[in-house]
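Below, read A as the first sequence line, B as the second, and so on, with proteins coming before strands; counting in each chain starts at 1.
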There are 2 protein chains.
Amino acid sequence: MSAPLVWINGEAGGSLSPLDRGLHFGDGLFETIACLGGRPRFLGLHLKRLSLGCARLGLPAPGLERLSAAIKNAAAPLERAIVKLLVTRGPALQRGYAWGEEQGTWLVIRYPWPQEDPALARSGVRVRTAATRLGENPALAGLKHCNRLEQILARNEDRSNEADEALMLSHSGNLVSGTMTNVFLVSGPPQAPRLSTPEVAQCGVAGIMRRVVLREAVREGIPASESVLHPVDLDGASEVFLTNARIGIWPVRSIDGRALAVGPVTRRLQERLEPLLGAAGADG
Amino acid sequence: MSAPLVWINGEAGGSLSPLDRGLHFGDGLFETIACLGGRPRFLGLHLKRLSLGCARLGLPAPGLERLSAAIKNAAAPLERAIVKLLVTRGPALQRGYAWGEEQGTWLVIRYPWPQEDPALARSGVRVRTAATRLGENPALAGLKHCNRLEQILARNEDRSNEADEALMLSHSGNLVSGTMTNVFLVSGPPQAPRLSTPEVAQCGVAGIMRRVVLREAVREGIPASESVLHPVDLDGASEVFLTNARIGIWPVRSIDGRALAVGPVTRRLQERLEPLLGAAGADG
């Protein structure tokens, strides 16, 4: 990967304190923002989620206008890029878990858009079920926080990369998400399909694209709900797809070797999202 | 706090990559080592736990002899100090959760020994039960990893500092530990006391002092076990105490306002540990 560009607290380069609580404890939040045509996509939704996360974790929230300007500046020169925003509680004022009047740290990191097989969005992806599960904690559920060891272990269980993504269950055995994606199931008769995605009340991330898809499905006339789902629901689904802020929608073409058809509802939603995901995409 | 001294990858000062996976994901492990008389206490046990943790997380383990020398060097000039060893997967070679051939990062950070009321070890500490619980995940249980948001939230629920420590339950409601300590319960008749501490198979940290106390209790003729415990077991305990690598044993004198006596078993174990915890303490 060519070297990413980094701004720390708004300064190009800049240095990171080895006492930063982000490093010591994963005491922070992040957003991964797809940028097209020199503009960050869904920036408003990303910053709103970040603000809510800061409030829930008691993190010092950097000013949103400053963040917004820094992200836009990072995005502007390139046709396509990924901008990661990372916000931590900052350098610790004391040892241990108690926080004080720490000044937060915020990093803007611009990565090149990854090279990727364009067939994934058309023909679909292969998915496996991870053995590593997600611990349940309503205090952290929904947040895109920096405690990601569970996803790391799940992602790296199988280094063959035969699967494009791994689905994760909660400790209790509910279906939750992929390691870096949310998951949607299509069910019901072909003339009246319904969409469902696991709720993220106990674990999992409330993804930006998940939210956009829930909204757009309803606008498309497809009932969509968040609910408690189980692995067996995957067997009953006529279509399954994954979402994240960069990829939009990836149809799933196999789960643990069992083939799935890439179906009409997934295609309808991909088409509906297309204008939102392009360079001229609205900031919804 | 006076500024801690930091060595990164063995170099005084040194700089930390803003791409370090420790910062982005809490993708690392740490050890908090009490140093007395210029020597790190229980260094062998700390490094053993670190090695096991690296193996479980697939972290590139730095050479133990190098680590050991660096920690000893950091400890040597001071009568008392805390040395924190932090090992991460290092600067990411690519975006996302997949790891590659990352070169790990290791930090040795020397903090001054904290000022503390010496009465805590004599008269005991006040403990509350935290509302924040610990998610269960056998893949991470026992490790002193850098995903510590749960402990941070629990510690900071009550900013009055009326309690010295907070006890945490698992998501399922079992008793697990304090935010920065392990917990022991004394039960049975006075002439035949028994010791128990929560197992750490689903969550919690396998503390170094916890291990030392389990070993020393048996040598003292007190049966000691790790088992599944519940909050109600605290009500049935004749004595409760907390342990960690720095404090040794803290008797508990109240839980959520209910008074407890600091009893004879706790005192016997404190006395038994005393020679091990002093400056001449054996590296067990």
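- If you measure heavy-atom distances from A:Ser17 to chain B, the contacts under 4.5 Å come from the backbone alone.
- Among the candidates A:Gly96, A:Gly58, A:Gly26, A:Ala98, the residue making the largest number of heavy-atom pairs closer than 4.5 Å to chain B is A:Ala98.
- Only the side chain of A:Thr88 has a heavy atom closer than 4.5 Å to any heavy atom of chain B.
- Only the side chain of A:Ile109 comes within contact range of chain B, judged by heavy atoms closer than 4.5 Å.
- A:Arg148 touches chain B through backbone and side chain together, each having a heavy atom under 4.5 Å away.
- Annotation: maximal heavy-atom pairing with chain B below 4.5 Å, among A:Leu16, A:Asn161, A:Thr132, occurs at A:Leu16.
- A:Thr181 and A:Glu165 share a donor-acceptor pair across their side chains, judged by distance under 3.5 Å alone.
- There is no side-chain donor-acceptor pair under 3.5 Å between B:Gln202 and B:Asn137.
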Stepwise salt bridge (charged side-chain N to carboxylate O under 4.0 Å, His left out) check, A:Glu31 with A:Arg49: CA-CA 9 Å; A:Glu31 298 288 334; A:Arg49 180 173 64 178; 2.6 Å; yes

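- Counting non-hydrogen atoms of neighbouring residues, nucleotides and ligands closer than 6.0 angstrom, the CZ atom of A:Arg66 reaches no more than 12 such neighbours.
- Side-chain N/O atoms of A:Ser172 and A:Glu136 include a donor and acceptor closer than 3.5 Å.
- With hydrogens and angles left out, the side-chain atoms of B:Asp20 and B:Thr105 include a donor and acceptor closer than 3.5 Å.
- A cation-pi arrangement is not found for A:Arg21 relative to A:Trp99, the charged atom failing to lie both closer than 6.0 Å to the ring centre and inside a 45° cone about the ring normal.
- In this structure, chain B has a heavy atom under 4.5 Å from the side chain of A:Leu140, while its backbone stays farther away.
- For B:Leu107, the part sitting under 4.5 Å from any heavy atom of chain A is the side chain, from C-beta outward, and nothing else.
- Of the residues considered (B:Arg159, B:Lys84, B:Met180, B:Arg133), B:Arg159 shows the highest number of contacts with chain A, using heavy-atom pairs under 4.5 Å.
- Proximity to chain B (any heavy atom under 4.5 Å) is restricted, for A:Arg56, to the backbone atoms N, CA, C and O.
- If you check the side chains of B:Asp256 and B:Thr129, you find a donor sitting under 3.5 Å from an acceptor.
- For A:Leu57, the parts lying near chain B are the backbone and the side chain together; criterion is any non-hydrogen pair under 4.5 Å.
- When heavy atoms are compared at a cutoff of 4.5 Å, A:Leu86 approaches chain B solely by way of its side chain, counted from C-beta outward.
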